[in-house]
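Sequence lines set the chain letters: A, B, ... in the order given, protein chains first and strands last, and positions in each chain run from 1.
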There are 2 protein chains.
Amino acid sequence: MTASERTGGPRPSKFGLGSRTDLRESAVDYLTERIQSGDWPVGQQIPTESELAAEAGISRNTIREAVSSLVHTGLLERRQGSGTFVVSQSELTGLFERHLSSKDRQDVLEIRLALEVVAAALAATRRTDEDIEGLLASMTARRETADRNDVDGYVEADLQLHRQFVRAAQNPLLIELYDSMLEGFRETIASYFIETGDPCHEEHEALVHAIIAGDPLNAAIELRVFLDSHLYHVESTAWPRVHQEVGSREV
Amino acid sequence: MTASERTGGPRPSKFGLGSRTDLRESAVDYLTERIQSGDWPVGQQIPTESELAAEAGISRNTIREAVSSLVHTGLLERRQGSGTFVVSQSELTGLFERHLSSKDRQDVLEIRLALEVVAAALAATRRTDEDIEGLLASMTARRETADRNDVDGYVEADLQLHRQFVRAAQNPLLIELYDSMLEGFRETIASYFIETGDPCHEEHEALVHAIIAGDPLNAAIELRVFLDSHLYHVESTAWPRVHQEVGSREV
DNA sequence: GAGCATTTGTTCGTATGTATA
DNA sequence: GTATACATACGAACAAATGCT
(Lines give C-alpha, C1' and ligand atoms only; values in the text may rest on other atoms or scores of the structure.)
Protein backbone atom coordinates (compact mmCIF):
# COMPACT_ATOMS: atom_id res chain seq x y z
CA MET A 1 0.00 0.00 0.00
CA THR A 2 2.86 2.36 0.57
CA ALA A 3 3.50 4.64 -2.34
CA SER A 4 6.61 3.73 -4.25
CA GLU A 5 7.54 4.46 -7.79
CA ARG A 6 10.20 2.21 -9.18
CA THR A 7 10.74 -0.86 -7.18
CA GLY A 8 10.10 -4.52 -7.80
CA GLY A 9 8.62 -6.33 -10.71
CA PRO A 10 9.78 -6.85 -14.27
CA ARG A 11 10.08 -3.53 -16.02
CA PRO A 12 10.51 -3.00 -19.72
CA SER A 13 14.22 -2.97 -20.31
CA LYS A 14 16.11 -2.91 -23.55
CA PHE A 15 19.26 -4.95 -23.42
CA GLY A 16 21.54 -3.82 -26.16
CA LEU A 17 20.14 -6.17 -28.74
CA GLY A 18 17.52 -8.83 -28.64
CA SER A 19 15.36 -8.06 -25.63
CA ARG A 20 14.11 -11.37 -24.31
CA THR A 21 11.38 -11.97 -21.86
CA ASP A 22 13.91 -13.07 -19.29
CA LEU A 23 16.28 -10.44 -17.99
CA ARG A 24 18.61 -12.84 -16.25
CA GLU A 25 18.92 -14.95 -19.37
CA SER A 26 19.59 -11.88 -21.47
CA ALA A 27 22.32 -10.84 -19.07
CA VAL A 28 23.88 -14.29 -19.31
CA ASP A 29 23.82 -14.09 -23.10
CA TYR A 30 25.33 -10.64 -22.98
CA LEU A 31 28.19 -11.72 -20.74
CA THR A 32 28.78 -14.94 -22.65
CA GLU A 33 28.96 -13.01 -25.89
CA ARG A 34 31.57 -10.65 -24.52
CA ILE A 35 33.67 -13.53 -23.26
CA GLN A 36 33.45 -15.86 -26.22
CA SER A 37 33.99 -13.11 -28.73
CA GLY A 38 37.28 -12.35 -27.03
CA ASP A 39 36.05 -8.90 -26.10
CA TRP A 40 37.01 -9.77 -22.56
CA PRO A 41 40.04 -12.05 -22.97
CA VAL A 42 40.95 -14.75 -20.51
CA GLY A 43 42.59 -13.34 -17.42
CA GLN A 44 41.01 -9.94 -17.73
CA GLN A 45 38.91 -8.37 -15.04
CA ILE A 46 35.38 -7.59 -16.12
CA PRO A 47 33.49 -4.47 -14.99
CA THR A 48 32.15 -4.44 -11.47
CA GLU A 49 28.66 -5.64 -10.81
CA SER A 50 27.48 -2.09 -10.26
CA GLU A 51 28.93 -0.94 -13.57
CA LEU A 52 27.44 -3.92 -15.37
CA ALA A 53 24.07 -3.23 -13.81
CA ALA A 54 24.16 0.45 -14.75
CA GLU A 55 25.42 -0.34 -18.24
CA ALA A 56 22.68 -2.84 -18.91
CA GLY A 57 19.97 -0.89 -17.17
CA ILE A 58 19.08 -3.68 -14.76
CA SER A 59 19.55 -4.16 -11.08
CA ARG A 60 22.70 -5.38 -9.44
CA ASN A 61 20.92 -8.37 -8.04
CA THR A 62 19.87 -9.60 -11.44
CA ILE A 63 23.26 -9.15 -13.03
CA ARG A 64 24.67 -10.95 -10.03
CA GLU A 65 22.57 -14.00 -10.79
CA ALA A 66 23.89 -14.00 -14.32
CA VAL A 67 27.48 -13.72 -13.15
CA SER A 68 26.87 -16.51 -10.65
CA SER A 69 25.75 -18.77 -13.46
CA LEU A 70 28.91 -18.14 -15.44
CA VAL A 71 31.02 -18.61 -12.34
CA HIS A 72 29.40 -21.97 -11.81
CA THR A 73 30.00 -23.09 -15.39
CA GLY A 74 33.62 -22.03 -15.09
CA LEU A 75 33.75 -19.04 -17.41
CA LEU A 76 34.28 -16.52 -14.63
CA GLU A 77 35.91 -16.40 -11.23
CA ARG A 78 35.01 -14.05 -8.44
CA ARG A 79 37.48 -12.80 -5.88
CA GLN A 80 35.93 -10.93 -3.05
CA GLY A 81 37.55 -7.56 -2.61
CA SER A 82 39.22 -7.69 -6.01
CA GLY A 83 36.72 -8.25 -8.74
CA THR A 84 35.49 -10.77 -11.28
CA PHE A 85 37.81 -12.31 -13.85
CA VAL A 86 37.54 -14.34 -17.03
CA VAL A 87 39.08 -17.78 -16.65
CA SER A 88 37.83 -19.65 -19.73
CA GLN A 89 36.07 -19.09 -23.02
CA SER A 90 34.39 -22.45 -23.26
CA GLU A 91 31.67 -23.81 -21.04
CA LEU A 92 32.88 -27.32 -21.68
CA THR A 93 36.36 -26.71 -20.34
CA GLY A 94 35.29 -25.96 -16.81
CA LEU A 95 32.87 -28.83 -16.89
CA PHE A 96 35.49 -31.30 -18.00
CA GLU A 97 37.94 -30.08 -15.43
CA ARG A 98 35.46 -30.66 -12.66
CA HIS A 99 34.52 -34.03 -14.08
CA LEU A 100 37.98 -35.20 -14.99
CA SER A 101 40.39 -33.80 -12.49
CA SER A 102 40.38 -36.69 -10.13
CA LYS A 103 39.58 -39.45 -12.57
CA ASP A 104 41.92 -41.96 -14.09
CA ARG A 105 44.21 -40.66 -16.72
CA GLN A 106 43.47 -43.75 -18.74
CA ASP A 107 39.82 -42.82 -19.05
CA VAL A 108 40.81 -39.50 -20.54
CA LEU A 109 43.32 -41.10 -22.87
CA GLU A 110 40.70 -43.45 -24.20
CA ILE A 111 38.41 -40.56 -25.04
CA ARG A 112 41.31 -38.79 -26.64
CA LEU A 113 42.00 -41.85 -28.76
CA ALA A 114 38.37 -41.97 -29.80
CA LEU A 115 38.25 -38.37 -30.92
CA GLU A 116 41.63 -38.32 -32.61
CA VAL A 117 41.10 -41.47 -34.62
CA VAL A 118 38.09 -40.07 -36.42
CA ALA A 119 39.73 -36.67 -36.57
CA ALA A 120 42.72 -38.18 -38.38
CA ALA A 121 40.52 -39.99 -40.88
CA LEU A 122 38.37 -36.96 -41.54
CA ALA A 123 41.38 -34.68 -41.75
CA ALA A 124 42.84 -36.86 -44.48
CA THR A 125 39.82 -36.18 -46.67
CA ARG A 126 39.09 -32.59 -45.74
CA ARG A 127 42.43 -30.88 -45.07
CA THR A 128 43.10 -27.61 -46.83
CA ASP A 129 46.41 -26.24 -48.04
CA GLU A 130 46.58 -24.11 -44.92
CA ASP A 131 46.12 -27.18 -42.77
CA ILE A 132 48.99 -28.92 -44.53
CA GLU A 133 51.23 -25.92 -44.02
CA GLY A 134 50.42 -25.76 -40.32
CA LEU A 135 50.92 -29.48 -39.92
CA LEU A 136 54.40 -29.35 -41.44
CA ALA A 137 55.34 -26.30 -39.37
CA SER A 138 54.26 -28.00 -36.15
CA MET A 139 56.19 -31.09 -37.15
CA THR A 140 59.35 -29.01 -37.54
CA ALA A 141 58.78 -27.32 -34.18
CA ARG A 142 58.30 -30.73 -32.66
CA ARG A 143 61.66 -31.98 -33.93
CA GLU A 144 63.56 -28.86 -32.95
CA THR A 145 62.25 -28.65 -29.40
CA ALA A 146 62.82 -32.36 -28.82
CA ASP A 147 66.38 -32.10 -30.11
CA ARG A 148 67.33 -29.45 -27.62
CA ASN A 149 65.38 -31.23 -24.87
CA ASP A 150 63.01 -28.32 -24.39
CA VAL A 151 60.22 -30.19 -22.64
CA ASP A 152 57.76 -27.30 -22.38
CA GLY A 153 58.35 -26.35 -25.99
CA TYR A 154 57.95 -29.96 -27.09
CA VAL A 155 54.65 -30.36 -25.26
CA GLU A 156 53.39 -27.15 -26.77
CA ALA A 157 54.43 -28.17 -30.29
CA ASP A 158 52.91 -31.62 -29.90
CA LEU A 159 49.67 -30.14 -28.61
CA GLN A 160 49.68 -27.73 -31.52
CA LEU A 161 50.14 -30.52 -34.04
CA HIS A 162 47.28 -32.56 -32.70
CA ARG A 163 45.06 -29.52 -32.44
CA GLN A 164 45.87 -28.77 -36.03
CA PHE A 165 44.68 -31.99 -37.55
CA VAL A 166 41.61 -32.02 -35.34
CA ARG A 167 40.78 -28.64 -36.83
CA ALA A 168 41.46 -30.03 -40.27
CA ALA A 169 38.61 -32.48 -39.70
CA GLN A 170 36.27 -29.50 -40.12
CA ASN A 171 33.80 -30.65 -37.51
CA PRO A 172 33.01 -27.75 -35.15
CA LEU A 173 31.58 -29.99 -32.46
CA LEU A 174 34.62 -32.25 -32.56
CA ILE A 175 36.92 -29.26 -32.33
CA GLU A 176 35.07 -27.85 -29.36
CA LEU A 177 35.08 -31.15 -27.52
CA TYR A 178 38.75 -31.71 -28.19
CA ASP A 179 39.83 -28.21 -27.23
CA SER A 180 37.90 -28.52 -24.01
CA MET A 181 39.97 -31.51 -23.01
CA LEU A 182 43.29 -30.19 -24.30
CA GLU A 183 44.68 -28.90 -21.03
CA GLY A 184 44.18 -32.31 -19.49
CA PHE A 185 46.56 -33.85 -22.03
CA ARG A 186 49.56 -31.71 -21.14
CA GLU A 187 50.59 -33.72 -18.14
CA THR A 188 50.35 -37.03 -19.96
CA ILE A 189 52.39 -35.84 -22.93
CA ALA A 190 55.10 -34.38 -20.74
CA SER A 191 55.45 -37.43 -18.51
CA TYR A 192 55.59 -39.79 -21.49
CA PHE A 193 58.35 -37.78 -23.10
CA ILE A 194 60.35 -37.43 -19.91
CA GLU A 195 60.00 -41.04 -18.80
CA THR A 196 60.57 -42.75 -22.14
CA GLY A 197 62.66 -40.11 -23.90
CA ASP A 198 60.86 -41.05 -27.10
CA PRO A 199 59.41 -38.09 -29.03
CA CYS A 200 57.62 -40.48 -31.43
CA HIS A 201 58.74 -38.59 -34.49
CA GLU A 202 58.35 -41.51 -36.89
CA GLU A 203 54.77 -42.18 -35.85
CA HIS A 204 53.80 -38.53 -36.15
CA GLU A 205 55.60 -38.25 -39.45
CA ALA A 206 53.66 -41.20 -40.81
CA LEU A 207 50.43 -39.71 -39.52
CA VAL A 208 51.04 -36.33 -41.09
CA HIS A 209 52.03 -37.91 -44.38
CA ALA A 210 48.90 -40.04 -44.45
CA ILE A 211 46.77 -36.94 -43.85
CA ILE A 212 48.57 -34.98 -46.55
CA ALA A 213 48.34 -37.91 -48.94
CA GLY A 214 44.61 -38.08 -48.36
CA ASP A 215 44.73 -41.57 -46.94
CA PRO A 216 42.18 -41.71 -44.11
CA LEU A 217 42.60 -45.37 -43.29
CA ASN A 218 46.32 -45.21 -42.69
CA ALA A 219 45.95 -41.91 -40.90
CA ALA A 220 43.62 -43.55 -38.42
CA ILE A 221 45.85 -46.58 -38.05
CA GLU A 222 49.01 -44.56 -37.54
CA LEU A 223 47.35 -42.49 -34.92
CA ARG A 224 46.08 -45.47 -33.09
CA VAL A 225 49.46 -47.16 -33.12
CA PHE A 226 50.90 -44.09 -31.51
CA LEU A 227 48.24 -43.55 -28.86
CA ASP A 228 48.29 -47.23 -28.06
CA SER A 229 51.79 -46.93 -26.75
CA HIS A 230 50.66 -44.08 -24.53
CA LEU A 231 47.85 -46.20 -23.20
CA TYR A 232 50.27 -49.01 -22.51
CA HIS A 233 52.55 -46.57 -20.80
CA VAL A 234 49.78 -45.43 -18.49
CA GLU A 235 49.01 -49.08 -17.79
CA SER A 236 46.76 -51.28 -19.79
CA THR A 237 46.62 -54.96 -20.26
CA ALA A 238 43.14 -54.67 -21.66
CA TRP A 239 43.66 -52.57 -24.72
CA PRO A 240 44.75 -54.50 -27.82
CA ARG A 241 47.65 -52.99 -29.71
CA VAL A 242 46.61 -52.65 -33.26
CA HIS A 243 50.04 -52.76 -34.83
CA GLN A 244 50.76 -56.18 -33.44
CA GLU A 245 47.75 -57.59 -35.15
CA VAL A 246 47.64 -55.64 -38.35
CA GLY A 247 51.21 -54.67 -39.01
CA SER A 248 52.09 -51.10 -39.50
CA ARG A 249 51.49 -49.59 -42.89
CA GLU A 250 49.63 -51.69 -45.44
CA VAL A 251 46.33 -53.33 -44.62
CA MET B 1 25.92 2.60 12.37
CA THR B 2 22.28 1.88 12.96
CA ALA B 3 21.81 -1.04 15.24
CA SER B 4 20.93 -4.17 13.32
CA GLU B 5 21.44 -7.72 14.29
CA ARG B 6 21.38 -10.07 11.39
CA THR B 7 21.86 -8.42 8.09
CA GLY B 8 24.56 -8.23 5.50
CA GLY B 9 27.90 -9.87 5.14
CA PRO B 10 28.95 -13.48 5.17
CA ARG B 11 27.71 -15.08 8.33
CA PRO B 12 28.65 -18.41 9.77
CA SER B 13 26.08 -20.82 8.46
CA LYS B 14 26.07 -24.56 8.64
CA PHE B 15 24.67 -26.16 5.54
CA GLY B 16 23.80 -29.69 6.36
CA LEU B 17 27.23 -31.06 5.77
CA GLY B 18 30.46 -29.51 4.67
CA SER B 19 30.19 -25.85 5.54
CA ARG B 20 32.16 -23.95 2.91
CA THR B 21 33.21 -20.37 2.97
CA ASP B 22 30.87 -19.68 0.09
CA LEU B 23 27.18 -19.89 0.84
CA ARG B 24 26.07 -19.81 -2.78
CA GLU B 25 28.44 -22.60 -3.70
CA SER B 26 27.26 -24.67 -0.76
CA ALA B 27 23.69 -24.19 -1.88
CA VAL B 28 24.61 -25.30 -5.40
CA ASP B 29 26.26 -28.43 -4.03
CA TYR B 30 23.25 -29.11 -1.87
CA LEU B 31 20.83 -28.84 -4.77
CA THR B 32 23.05 -30.80 -7.14
CA GLU B 33 23.32 -33.58 -4.60
CA ARG B 34 19.56 -33.85 -4.26
CA ILE B 35 19.12 -33.99 -8.01
CA GLN B 36 21.90 -36.38 -8.94
CA SER B 37 21.13 -38.72 -6.09
CA GLY B 38 17.64 -39.10 -7.52
CA ASP B 39 16.16 -37.62 -4.36
CA TRP B 40 14.37 -35.18 -6.65
CA PRO B 41 13.68 -37.22 -9.79
CA VAL B 42 13.44 -35.70 -13.24
CA GLY B 43 10.11 -34.00 -13.75
CA GLN B 44 9.50 -33.34 -10.10
CA GLN B 45 8.88 -29.91 -8.66
CA ILE B 46 11.41 -28.86 -6.06
CA PRO B 47 10.51 -26.82 -2.96
CA THR B 48 9.84 -23.13 -3.43
CA GLU B 49 12.64 -20.65 -3.09
CA SER B 50 11.26 -19.46 0.23
CA GLU B 51 11.10 -23.00 1.60
CA LEU B 52 14.59 -23.75 0.39
CA ALA B 53 15.86 -20.56 1.97
CA ALA B 54 14.21 -21.31 5.29
CA GLU B 55 15.32 -24.94 5.22
CA ALA B 56 18.92 -24.01 4.59
CA GLY B 57 18.93 -21.01 6.84
CA ILE B 58 19.99 -18.57 4.16
CA SER B 59 18.24 -15.77 2.36
CA ARG B 60 16.01 -16.23 -0.65
CA ASN B 61 18.32 -14.07 -2.68
CA THR B 62 21.25 -16.40 -2.13
CA ILE B 63 19.37 -19.62 -2.80
CA ARG B 64 18.02 -17.95 -5.91
CA GLU B 65 21.53 -17.47 -7.27
CA ALA B 66 22.21 -21.14 -6.72
CA VAL B 67 19.03 -22.15 -8.50
CA SER B 68 19.87 -19.78 -11.34
CA SER B 69 23.18 -21.55 -11.82
CA LEU B 70 21.50 -24.92 -12.12
CA VAL B 71 18.90 -23.48 -14.46
CA HIS B 72 21.67 -22.22 -16.66
CA THR B 73 23.47 -25.57 -16.74
CA GLY B 74 20.20 -27.26 -17.62
CA LEU B 75 19.48 -29.23 -14.48
CA LEU B 76 16.46 -27.15 -13.49
CA GLU B 77 13.72 -25.20 -15.19
CA ARG B 78 11.78 -22.34 -13.68
CA ARG B 79 8.20 -21.52 -14.52
CA GLN B 80 6.95 -18.26 -13.17
CA GLY B 81 3.81 -18.75 -11.16
CA SER B 82 4.22 -22.52 -11.02
CA GLY B 83 7.54 -23.43 -9.54
CA THR B 84 10.92 -24.94 -10.30
CA PHE B 85 11.29 -28.39 -11.82
CA VAL B 86 14.05 -30.93 -12.41
CA VAL B 87 14.68 -31.50 -16.11
CA SER B 88 17.96 -33.40 -16.15
CA GLN B 89 20.39 -35.19 -13.90
CA SER B 90 23.50 -34.55 -15.94
CA GLU B 91 25.16 -31.21 -16.53
CA LEU B 92 26.47 -32.42 -19.86
CA THR B 93 23.06 -33.20 -21.31
CA GLY B 94 21.76 -29.66 -21.21
CA LEU B 95 25.02 -28.35 -22.47
CA PHE B 96 25.06 -30.68 -25.45
CA GLU B 97 21.50 -29.90 -26.31
CA ARG B 98 22.23 -26.22 -26.46
CA HIS B 99 25.38 -26.81 -28.46
CA LEU B 100 24.03 -29.45 -30.78
CA SER B 101 20.42 -28.72 -31.44
CA SER B 102 20.87 -26.61 -34.50
CA LYS B 103 24.07 -28.14 -35.79
CA ASP B 104 24.48 -30.60 -38.60
CA ARG B 105 23.39 -34.09 -37.89
CA GLN B 106 26.52 -35.27 -39.57
CA ASP B 107 28.70 -33.57 -36.97
CA VAL B 108 26.91 -35.46 -34.24
CA LEU B 109 27.13 -38.74 -36.11
CA GLU B 110 30.86 -38.36 -36.50
CA ILE B 111 31.26 -37.90 -32.76
CA ARG B 112 29.04 -40.87 -32.20
CA LEU B 113 31.22 -42.92 -34.50
CA ALA B 114 34.29 -41.82 -32.60
CA LEU B 115 32.94 -42.80 -29.21
CA GLU B 116 31.35 -46.06 -30.27
CA VAL B 117 34.38 -47.36 -32.13
CA VAL B 118 36.57 -47.29 -29.04
CA ALA B 119 33.63 -48.40 -26.91
CA ALA B 120 33.23 -51.48 -29.09
CA ALA B 121 36.90 -52.34 -28.90
CA LEU B 122 37.07 -51.81 -25.15
CA ALA B 123 33.83 -53.68 -24.58
CA ALA B 124 35.27 -56.70 -26.35
CA THR B 125 38.03 -56.92 -23.77
CA ARG B 126 36.16 -55.83 -20.66
CA ARG B 127 32.61 -57.15 -20.99
CA THR B 128 31.18 -59.09 -18.06
CA ASP B 129 28.67 -61.93 -18.15
CA GLU B 130 25.94 -59.47 -17.30
CA ASP B 131 26.92 -57.33 -20.25
CA ILE B 132 26.69 -60.30 -22.58
CA GLU B 133 23.26 -61.17 -21.26
CA GLY B 134 22.00 -57.63 -21.75
CA LEU B 135 23.49 -57.47 -25.22
CA LEU B 136 21.70 -60.62 -26.33
CA ALA B 137 18.42 -59.48 -24.80
CA SER B 138 18.59 -56.15 -26.59
CA MET B 139 19.39 -57.96 -29.81
CA THR B 140 16.25 -60.04 -29.45
CA ALA B 141 14.15 -56.96 -28.69
CA ARG B 142 15.62 -55.33 -31.75
CA ARG B 143 14.57 -58.15 -34.04
CA GLU B 144 11.08 -58.45 -32.60
CA THR B 145 10.23 -54.77 -32.78
CA ALA B 146 11.59 -54.49 -36.30
CA ASP B 147 9.57 -57.51 -37.42
CA ARG B 148 6.29 -55.98 -36.34
CA ASN B 149 7.34 -52.57 -37.67
CA ASP B 150 7.19 -50.97 -34.23
CA VAL B 151 9.35 -47.93 -34.97
CA ASP B 152 9.37 -46.47 -31.45
CA GLY B 153 10.12 -49.84 -29.94
CA TYR B 154 12.88 -50.46 -32.46
CA VAL B 155 14.54 -47.13 -31.76
CA GLU B 156 14.36 -47.80 -28.04
CA ALA B 157 15.84 -51.29 -28.42
CA ASP B 158 18.60 -50.05 -30.70
CA LEU B 159 19.45 -47.25 -28.29
CA GLN B 160 19.49 -49.77 -25.47
CA LEU B 161 21.85 -52.07 -27.34
CA HIS B 162 24.34 -49.33 -28.08
CA ARG B 163 24.10 -48.00 -24.56
CA GLN B 164 24.79 -51.48 -23.30
CA PHE B 165 28.09 -52.01 -25.04
CA VAL B 166 29.21 -48.51 -24.24
CA ARG B 167 28.65 -49.38 -20.60
CA ALA B 168 30.55 -52.62 -21.15
CA ALA B 169 33.59 -50.52 -22.01
CA GLN B 170 33.80 -49.68 -18.30
CA ASN B 171 34.95 -46.12 -18.83
CA PRO B 172 32.81 -43.79 -16.68
CA LEU B 173 33.75 -40.71 -18.63
CA LEU B 174 32.91 -42.37 -21.92
CA ILE B 175 29.58 -43.51 -20.53
CA GLU B 176 28.70 -40.06 -19.30
CA LEU B 177 29.64 -38.42 -22.58
CA TYR B 178 27.69 -40.96 -24.59
CA ASP B 179 24.60 -40.83 -22.43
CA SER B 180 24.60 -37.08 -22.66
CA MET B 181 24.33 -37.27 -26.41
CA LEU B 182 21.90 -40.18 -26.51
CA GLU B 183 18.70 -38.22 -27.00
CA GLY B 184 20.19 -36.58 -30.05
CA PHE B 185 20.56 -39.95 -31.75
CA ARG B 186 16.88 -40.88 -31.63
CA GLU B 187 15.88 -38.86 -34.63
CA THR B 188 18.69 -40.18 -36.80
CA ILE B 189 18.01 -43.81 -35.92
CA ALA B 190 14.31 -43.47 -36.60
CA SER B 191 14.67 -41.72 -39.93
CA TYR B 192 17.25 -44.22 -41.16
CA PHE B 193 14.97 -47.14 -40.33
CA ILE B 194 11.91 -45.52 -41.85
CA GLU B 195 13.60 -44.32 -45.01
CA THR B 196 15.69 -47.38 -45.81
CA GLY B 197 13.63 -50.05 -44.07
CA ASP B 198 16.87 -51.74 -43.14
CA PRO B 199 17.18 -52.66 -39.46
CA CYS B 200 20.83 -53.68 -39.95
CA HIS B 201 20.44 -56.89 -38.05
CA GLU B 202 23.42 -58.62 -39.63
CA GLU B 203 25.81 -55.78 -38.80
CA HIS B 204 24.64 -55.61 -35.20
CA GLU B 205 24.77 -59.36 -34.92
CA ALA B 206 28.36 -59.37 -36.10
CA LEU B 207 29.22 -56.56 -33.68
CA VAL B 208 27.69 -58.32 -30.70
CA HIS B 209 29.40 -61.57 -31.59
CA ALA B 210 32.76 -59.87 -31.87
CA ILE B 211 32.28 -58.30 -28.45
CA ILE B 212 31.23 -61.59 -26.90
CA ALA B 213 34.09 -63.41 -28.60
CA GLY B 214 36.50 -60.88 -27.13
CA ASP B 215 37.67 -59.67 -30.53
CA PRO B 216 38.20 -55.92 -30.22
CA LEU B 217 39.51 -55.34 -33.71
CA ASN B 218 36.55 -56.87 -35.49
CA ALA B 219 34.16 -55.26 -33.05
CA ALA B 220 35.54 -51.86 -34.01
CA ILE B 221 35.46 -52.68 -37.70
CA GLU B 222 31.92 -54.04 -37.64
CA LEU B 223 30.72 -50.98 -35.85
CA ARG B 224 32.35 -48.67 -38.25
CA VAL B 225 30.93 -50.50 -41.24
CA PHE B 226 27.50 -50.00 -39.79
CA LEU B 227 27.83 -46.35 -38.82
CA ASP B 228 29.42 -45.61 -42.18
CA SER B 229 26.19 -46.41 -43.94
CA HIS B 230 24.42 -44.00 -41.61
CA LEU B 231 26.91 -41.31 -42.43
CA TYR B 232 26.41 -41.95 -46.10
CA HIS B 233 22.71 -41.81 -45.62
CA VAL B 234 22.95 -38.41 -43.98
CA GLU B 235 25.16 -37.32 -46.83
CA SER B 236 28.85 -37.72 -47.07
CA THR B 237 31.14 -37.88 -49.97
CA ALA B 238 34.04 -37.18 -47.69
CA TRP B 239 33.97 -40.11 -45.35
CA PRO B 240 35.75 -43.21 -46.67
CA ARG B 241 33.81 -46.44 -46.26
CA VAL B 242 36.02 -48.86 -44.51
CA HIS B 243 34.45 -52.02 -45.83
CA GLN B 244 35.16 -51.10 -49.39
CA GLU B 245 38.82 -50.86 -48.65
CA VAL B 246 39.31 -53.57 -46.10
CA GLY B 247 36.63 -56.07 -46.86
CA SER B 248 34.26 -57.09 -44.15
CA ARG B 249 35.39 -59.68 -41.67
CA GLU B 250 38.98 -60.73 -41.81
CA VAL B 251 41.76 -58.21 -41.82
C1' DG C 1 -14.87 -15.06 -16.24
C1' DA C 2 -13.56 -12.88 -11.86
C1' DG C 3 -11.09 -13.29 -7.69
C1' DC C 4 -7.43 -15.04 -4.90
C1' DA C 5 -3.31 -17.46 -3.22
C1' DT C 6 1.09 -19.21 -4.64
C1' DT C 7 5.44 -18.79 -6.87
C1' DT C 8 8.85 -16.86 -9.60
C1' DG C 9 10.85 -12.23 -11.48
C1' DT C 10 12.92 -7.94 -10.34
C1' DT C 11 14.30 -4.15 -7.71
C1' DC C 12 16.03 -1.32 -3.76
C1' DG C 13 18.51 -0.41 0.41
C1' DT C 14 21.81 -1.70 3.69
C1' DA C 15 25.49 -3.96 6.26
C1' DT C 16 29.73 -6.68 6.29
C1' DG C 17 33.95 -9.30 4.95
C1' DT C 18 38.11 -8.90 2.09
C1' DA C 19 41.70 -7.27 -0.72
C1' DT C 20 44.40 -3.30 -2.39
C1' DA C 21 46.54 1.08 -2.46
C1' DG D 1 46.27 1.87 9.46
C1' DT D 2 42.88 3.77 7.22
C1' DA D 3 40.35 4.70 3.23
C1' DT D 4 38.34 2.68 -0.72
C1' DA D 5 36.60 -0.53 -3.93
C1' DC D 6 34.58 -4.77 -4.46
C1' DA D 7 32.08 -8.97 -3.68
C1' DT D 8 28.98 -11.26 -0.11
C1' DA D 9 24.82 -11.55 2.09
C1' DC D 10 20.40 -10.19 4.09
C1' DG D 11 15.54 -8.33 4.15
C1' DA D 12 11.55 -6.28 2.28
C1' DA D 13 8.88 -4.88 -1.19
C1' DC D 14 6.29 -4.98 -5.63
C1' DA D 15 5.20 -7.10 -10.48
C1' DA D 16 3.62 -10.68 -13.25
C1' DA D 17 2.46 -15.36 -14.44
C1' DT D 18 0.02 -19.48 -13.05
C1' DG D 19 -3.53 -22.25 -11.21
C1' DC D 20 -7.44 -22.96 -8.47
C1' DT D 21 -12.06 -21.90 -7.00
(message) Going by side chain to side chain donor-acceptor pair (under 3.5 Å), name the residues that satisfy it together with A:Glu133, two or more places apart in sequence or in a different chain.
(response) none
(message) Per the ring pair (Phe, Tyr, Trp, His ring centres under 6.0 Å) rule, what does the pair list look like for residues 170-190 of chain B, sequence neighbours excluded?
(response) B:Tyr178-B:Phe185
(request) Map A:Glu65 and B:Glu51 onto DNA chain C by nearest heavy atom, then report which one ends up closer to the 5' terminus. (result) B:Glu51
(message) D:dT8, OP1 or OP2 - any side-chain N/O from A:Arg64 closer than 4.0 Å?
(response) yes
(request) With A:Arg79 as the cation and A:Phe85 as the aromatic partner, state whether NZ or CZ is under 6.0 Å from the six-membered ring centre and within 45° of the axis. (result) yes
(message) For a quick check of understanding: with a heavy-atom distance under 4.0 Å over all strands, which category does B:Thr84 fall into, base, sugar-phosphate or nothing?
(response) sugar-phosphate
(request) Taking only the side-chain nitrogens and oxygens of B:Thr48, find out if one of them lies under 4.0 Å from OP1 or OP2 of C:dT6. (result) no
(message) Test of understanding: with side chain to side chain contact (heavy atoms under 4.5 Å, CB included), list the residues that count as partners of A:Arg186, not counting sequence neighbours.
(response) A:Val155, A:Glu156, A:Leu159, A:Glu183
(message) Could you work out, with side chain to side chain donor-acceptor pair (under 3.5 Å) as the rule, every residue matching B:Asp179, not counting sequence neighbours?
(response) B:Arg163, B:Arg167
(request) Using side chain to side chain donor-acceptor pair (under 3.5 Å) as the criterion, list what pairs up with B:Thr145, not counting sequence neighbours. (result) none
(request) Establish, with yes or no, whether the OP1 or OP2 oxygen of D:dC6 is under 4.0 angstrom from a side-chain nitrogen or oxygen of A:Arg78. (result) no
(message) Reading DNA chain C from 5' onward, which residue's closest nucleotide shows up sooner: B:Asn61 or B:Gln45?
(response) B:Gln45
Between the protein and nucleotides 19-21 of chain C, list every N/O to N/O distance that falls short of 3.5 Å.
{"from": "C:dA19", "atom 1": "O3'", "to": "A:Ser82", "atom 2": "OG", "distance (Å)": "3.3"}

